[in-house]
2 protein chains.
Amino acid sequence: MPASTELHEAVALRLREIGHRYTAQRRALVEALAAAAGRPRSTSELLEGAGVPQSSAYRNLAALEQAGVVRRVVTDEEFARYELAEELTGHHHHLICSSCGRVEDVTVPPSLERDVDRTLDRIARRAGFAVVEHRLDLIGTCGGCAARYGVR
Amino acid sequence: MPASTELHEAVALRLREIGHRYTAQRRALVEALAAAAGRPRSTSELLEGAGVPQSSAYRNLAALEQAGVVRRVVTDEEFARYELAEELTGHHHHLICSSCGRVEDVTVPPSLERDVDRTLDRIARRAGFAVVEHRLDLIGTCGGCAARYGVR
DNA sequence: ATAAGGATGACTCTCATTCTCATTAACGCT
DNA sequence: AGCGTTAATGAGAATGAGAGTCATCCTTAT
């Protein structure tokens with residue numbers, strides 16, 4: 001799988017740049033994240049998915065985040081989720097089911113992204129903020145929950 | 001202050017509707033939130049601001065949230081923030097400083113809101129999601145941090 | 001092959017948040 | 001006003017995600 005090879009090389013590079021190593025555990029974590037593409041994974045899913053002890057998993061996810069390989073995704077849940085960084089997968093947003101916690105990637109039309117970016121940048125500047133990124137999430141009810149509990 | 005009276009009445013009504021009471025503590029919490037308008041407050045700020053014991057504060061914030069009076073705001077920080085619900089204050093978004101954690105309200109032009117809503121709704125529908133709300137945050141560096149640490 | 005420094009894993013610790021439970025205060029009714 | 005029902009309170013214990021510690025293991029460069 002060439003795409004995967006590319007991914008691992010990119011990851012290895014980023015880690016090396018900050019003086020870290022691309023070990024088997026980190027590879028397993030990246031693999032688990034890549035396998036779940038389009039669906040940010042909770043820490044505990046990654047723990048078991050990658051077969052890594054928890055102290056190492058937390059440490060390695062932090063290292064990967066520092067290297068810009070991985071991004072922590074915040075939701076309303078009491079635990080964190082992780083996904084591959086946008087530099088590796090492309091810019092996207094999230095559909096978040098407020099009933100079951102399911103999180104799924106979506107992309108919006110470039111024209112909207114452009115409008116949003118332009119406007120937000122202007123607004124932020126006015127407030128003395130230098131915008132680095134925007135986060136646009138959709139909170140609602142996923143198909144499964146709508147079927148299970150009836151449409152609200 | 002008539003505006004404040006209105007607020008308290010609205011809150012009392014919402015609580016009563018779900019069979020809860022508007023006690024002095026809850027009033028103190030709402031007051032602390034109203035005083036901090038435009039700046040979501042951390043739980044610990046509210047604790048001391050309202051002079052309420054922590055177990056009661058958490059319980060009451062949960063009650064107020066359930067009544068739709070208050071909203072929990074998630075950030076990258078390891079603790080929660082709260083603000084008055086949008087039904088009481090109006091729809092808005094947040095500027096979040098990734099350096100110091102400062103959070104500040106902003107509003108965007110209605111035209112952009114409309115575009116965003118329309119587009120997102122279409123996208124979500126296609127994915128089987130029923131959108132309830134959107135969350136649009138700007139992450140960046142606030143003026144204070146830019147001055148303190150230099151522009152990055 | 002060897003030294004230096006990162007990585008590992010079992011375990012402990014922290015800290016926000018939630019739970020428990022005995023006590024108190026509010027509201028509805030007569 | 002008196003009473004009973006039920007929510008609210010507050011102190012403290014429990015929970016759980018995540019971060020820290022430390023002795024040991026592995027890599028990588030020399």
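Each chain gets a letter, A, B and so on, in the order the sequences are listed, and its residues count up from 1.
- For the residue pair B/T23 and B/Q25, no side-chain donor N or O sits within less than 3.5 Å of a side-chain acceptor on the partner.
- Against DNA chain D, the stretch residues 64-86 of chain B makes no heavy-atom approach under 4.0 Å.
- Taking five base pairs at each end of the helix from C/dA1-D/dT30 to C/dT30-D/dA1, the local helix axes there meet at an angle of 40°, rounded to 10°.
- For the side-chain contact (heavy atoms from CB on, under 4.5 Å) with B/L120, the qualifying choice from B/E133, B/R125, B/H134 is B/H134, the only one to do so.
- Using cut-offs of 30° and 60° for the angle between ring planes, the B/H8 and B/Y22 rings count as tilted.
- When each of A/L33, A/V103, A/I96 is tested with A/P40 by the rule side-chain contact (heavy atoms from CB on, under 4.5 Å), just one qualifies, namely A/V103.
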Sugar-phosphate means primed atoms, P, OP1 and OP2; the rest is base. With that split, encode nucleotides 2-13 of chain C 5' to 3' as B, S or - using protein heavy atoms under 4.0 Å. ---BBSBBBB--
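- For B/H94, the ring-ring contact (aromatic ring centres under 6.0 Å, His included) partners are B/H92, not counting sequence neighbours.
- Taking 4.0 Å as the cut-off between side-chain N and carboxylate O, B/R102 and B/E104 count as a salt-bridged pair.
- The backbone N or O of A/G140 lies less than 3.5 Å from a partner atom in the side chain of A/S98, making a donor-acceptor pair.
- Contacts between residues 42-49 of chain B and DNA chain D, defined by a heavy-atom separation under 4.0 Å, are absent.
- B/V73 and A/V74 are members of different hydrophobic clusters when ILVMFWY side chains are connected at heavy-atom separations under 4.5 Å.
- Salt bridge annotation for B/E86-B/R71: present, with a cationic side-chain nitrogen under 4.0 angstrom from a carboxylate oxygen.
- A salt bridge does not link B/R114 with B/D117: none of the charged nitrogens is closer than 4.0 Å to a carboxylate oxygen.
- In this structure, a donor-acceptor pair under 3.5 Å is present between the side chains of A/Y82 and A/R72.
- A/R26 places a side-chain N or O within 3.5 Å of a backbone atom of A/R21 that can act as its donor or acceptor partner.
- Here the side chain of B/S56 pairs no donor or acceptor atom with the backbone of B/V52 at under 3.5 angstrom.
- Remark: the backbone N or O of A/S42 is paired with a side-chain donor or acceptor of A/E45 at under 3.5 angstrom.
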Mind running side chain to side chain contact (heavy atoms under 4.5 Å, CB included) on B/S4 and B/E31 for me, showing each step along the way? CA-CA 8 Å; B/S4 177; B/E31 222 123 63; 4.0 Å; yes
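- When rounded to the nearest whole Å, the span between OH of B/Y58 and P of C/dT20 equals 18 Å.
- Think of the region where chain B sits on DNA chain D: with heavy atoms and a 4.0 Å cut, that region ends 5' and 3' at D/dT6 to D/dG12.
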